[in-house]
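Notes follow the structure.
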Amino acid sequence: MATDYDAPRRDEAEIGEDSLEELKARRTDSQSGSVDVDEAEVAESFELPGADLTDEELSVKVVPLQADEFTCSRCFLVHHRSQLAGEKNGLPICRECI
């Protein structure tokens, strides 16, 4: 709910004096008739001009594991040897997974 921080503040006594009709009127005034829309759902409906990617194939060059790299046995990411924290049961573990 949006709050107007610049509006004058009211005392506890003034708030308690509000009638039920005033409170109902304030509640309906502050409610919006619009429905929240999921941004991801809206973005899926957009098409980029001239971007027909139906027959597009991705090509990625895969580089084998280098001599100064290791694969962490917990997060399965490839790290440089400087990130090696130790081994558990003979399997390397990176510093982030300790």
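Every heavy atom of this structure was used, including side-chain atoms; hydrogens, water molecules and symmetry mates were not.
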A side-chain contact here means heavy atoms from C-beta on lying under 4.5 Å apart; do Cys72 and His79 qualify? yes
Nearest 0.5 Å please: distance from the CZ atom of Arg74 over to the CD1 atom of Ile98. 8.5 Å
When every non-hydrogen atom of Arg95 is compared with those of Leu84, the smallest separation belongs to NE-O, 4.4 Å
Write down the atom of Cys94, the atom of Cys75, and the distance for their closest heavy-atom approach. SG-SG, 4.0 Å
With a sphere of 6.0 Å drawn around CD of Glu87, does it hold more than 12 non-hydrogen atoms of other residues, nucleotides or ligands? yes
To check you understand the geometry: which heavy-atom pair defines the closest contact between Arg81 and Phe70, and what is its length? NH1-CB, 3.6 Å
Backbone N or O of Pro64 within a donor-acceptor pair of the Gln66 side chain at under 3.5 Å? yes
Is the shortest heavy-atom distance from the side chain of Thr71 to the side chain of Pro92 under 4.5 Å? no
